[in-house]
Amino acid sequence: MMNTFYKTLVASAIAAATLSTAQAAEPLEIYGKLNVSIQSNDDGSGSETRVQSNASRFGVKGAFELNSSLEAFYTIEYEVATDSDSSNNFKARNQFVGLKGDFGSFAVGRNDTMLKKSQGKVDQFGDYSGDLKNLFAGENRIAETATYLTPKFGDFQAGVTYAASGDSKQADEDGFSIAAMYGDSGLKKTPIYASVAYDAEVAGYDIVRGTVQGKVAGFVLGGMYQQEEKVDSGDSKDGYLLSAAYKIDSVTLKAQYQDMEDKGDSWSIGADYSLGKPTKLFAFYTDRTSMGTVEDADGNDMDISIDESYFAVGIENKF
């Protein structure tokens with residue numbers, strides 16, 4: 001049943017993309033990427049070799065002009081787990097519909113929170129084993145959301161996400177994710193990108209996050225500070241992330257360090273080699289020390305550190 005649904009979805013998207021839509025504000029677009037690596041993973045209990053999918057995905061998006069001042073837009077995106085044993089290897093990602101105009105934009109559906117979006121591209125190892133989500137809370141995609149983005153005021157923009165109490169991650173509590181951003185996260189229109197964000201009761205956490213990234217003497221340097229607290233725990237934790245990238249012709253060298261109080265720390269190094277606009281080869285190594293607990297002979301919890309390491313080489317092709 002599910003395979004039939006997915007085949008129908010893909011076939012419909014391809015057919016729609018070939019049609020001329022007179023009212024389209026932007027061409028209907030099918031997009032995605034396949035990112036697969038041969039990877040050695042050691043989680044502290046032993047190592048294994050995987051041919052691993054790293055958030056490979058495909059999606060359909062489009063926009064339609066309703067009148068001279070109002071536009072409708074939508075996105076339907078799925079993760080494709082190429083390494084899944086099951087043939088039903090699709091997982092829902094962002095899926096929303098909205099309106100855009102002089103007032104800004106408003107979207108409802110499954111979406112990343114504003115705090116997650118506010119990170120920009122500071123995470124040089126996103127979707128890999130060094131992804132900041134392994135030590136920082138707040139990287140949430142919530143199914144039942146409403147998100148408003150203001151118009152841009154120069155290089156400034158702000159937004160808020162409402163997470164409905166009925167969502168499974170919300171434990172019957174309404175949540176709000178708010179962010180203010182300056183600059184272009186791709187660093188193409190501005191030499192610096194900065195943001196501040198706050199989560200209130202989103203997926204069980206209150207979080208304050210500040211992010212900055214910019215270009216300095218050919219380097220792309222970034223930093224993030226985060227303070228997080230489980231709702232009603234009264235015990236906040238502090239963490240930070242530092243990242244850097246440097247491009248030499250077709251090669252981009254990358255490094256990143258992350259630390260979160262009582263959770264552990266992580267460092268990653270890697271390199272991307274561009275074979276052309278849609279395709280790259282990559283390699284990375286991540287070393288992470290995580291904090292955990294075990295039960296001693298007397299039945300008491302004992303804190304331990306777990307050493308993990310990940311090494312991968314892979315290929316990515318975007319379409």
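Bear in mind that the values here come from a model prediction, so they are computed numbers and not experimental data.
Other residues, nucleotides and ligands contribute only 12 or fewer heavy atoms inside 6.0 Å of the CD1 atom of I38. The environment of K33 atom NZ is dense: over 12 non-hydrogen atoms of other residues, nucleotides or ligands sit within 6.0 angstrom. In the displayed structure, D249 atom CG is contacted under 6.0 Å by at most 12 heavy atoms of other residues, nucleotides or ligands. Applying the 6.0 Å contact sphere to CZ of F106 captures more than 12 heavy atoms from other residues, nucleotides or ligands.
I315 places a side-chain heavy atom less than 4.5 Å from the side chain of T279. In this structure the side chain of T147 reaches within 4.5 angstrom of the side chain of K117, judged on heavy atoms. Counting heavy atoms from C-beta on, the side chains of D127 and N35 never come closer than 4.5 Å. D184 places none of its side-chain heavy atoms less than 4.5 Å from the side chain of D155. A heavy-atom distance below 4.5 Å is found between the side chains of I142 and K169.
One finds the CZ atom of F96 at 12.5 Å from the CZ atom of R110 (value rounded to the nearest 0.5 Å). The structure places CZ of R57 at 15.0 Å from OH of Y78, a figure rounded to the nearest 0.5 Å. A distance of 11.5 Å separates CG of D272 from OG of S250, quoted to the nearest 0.5 Å. For the atom pair OG of S185 and CD of Q119, the computed distance is 9.5 Å after rounding to the nearest 0.5 Å. For the atom pair CZ (R288) and CG (D43), the distance works out to 10.0 Å, reported to the nearest 0.5 Å. From D238, atom CG reaches atom CG of D262 across 10.0 Å, with rounding to the nearest 0.5 Å.
For F136 and Y225, the gap between ring centers reaches or exceeds 6.0 Å. Side-chain rings of F284 and Y128 approach one another, their centers coming within less than 6.0 Å. Aromatic rings from Y162 and F176 are positioned such that their centres are separated by under 6.0 Å. A centroid separation of less than 6.0 Å is found between the aromatic rings of F156 and Y182.
Of the residues listed (Y310, Y285, Y257), the one engaging W267 in a ring-ring contact (aromatic ring centres under 6.0 Å, His included) is Y285, and it is the only one.
A salt bridge is absent between E77 and R141: the closest approach of a Lys/Arg side-chain nitrogen to an acidic carboxylate oxygen does not fall below 4.0 angstrom.
Side-chain atoms of N41 and Q52 include a donor-acceptor pair closer than 3.5 Å. For the residue pair S268/T286, the side-chain donor-acceptor check at 3.5 Å is satisfied. A donor-acceptor pair shorter than 3.5 Å cannot be found between the side chains of S233 and D235. No hydrogens or angles considered: nothing links the side chains of T113 and N140 as a donor-acceptor pair under 3.5 Å.
Between the side chain of D259 and the backbone N or O of Y240, no donor-acceptor pair lies under 3.5 Å. A donor-acceptor pair under 3.5 Å is absent between the side-chain atoms of E144 and the main chain of S168, judged by distance alone.
Annotation: cation-pi geometry satisfied between K61 and Y31 (NZ/CZ under 6.0 angstrom from ring centroid, within 45° of ring axis).
Counting all heavy atoms, side chain and backbone alike, A55 lies closest to R93 at CB-NH1, 4.4 Å.
The salt bridge (charged side-chain N to carboxylate O under 4.0 Å, His left out) contacts involving residues 207-224 comprise E139-R209, where partners must be two or more places apart or lie in separate chains. Sorted by first and then second residue, the salt bridge (charged side-chain N to carboxylate O under 4.0 Å, His left out) pairs with a member in residues 79-89 read R50-D83; sequence neighbours excluded.
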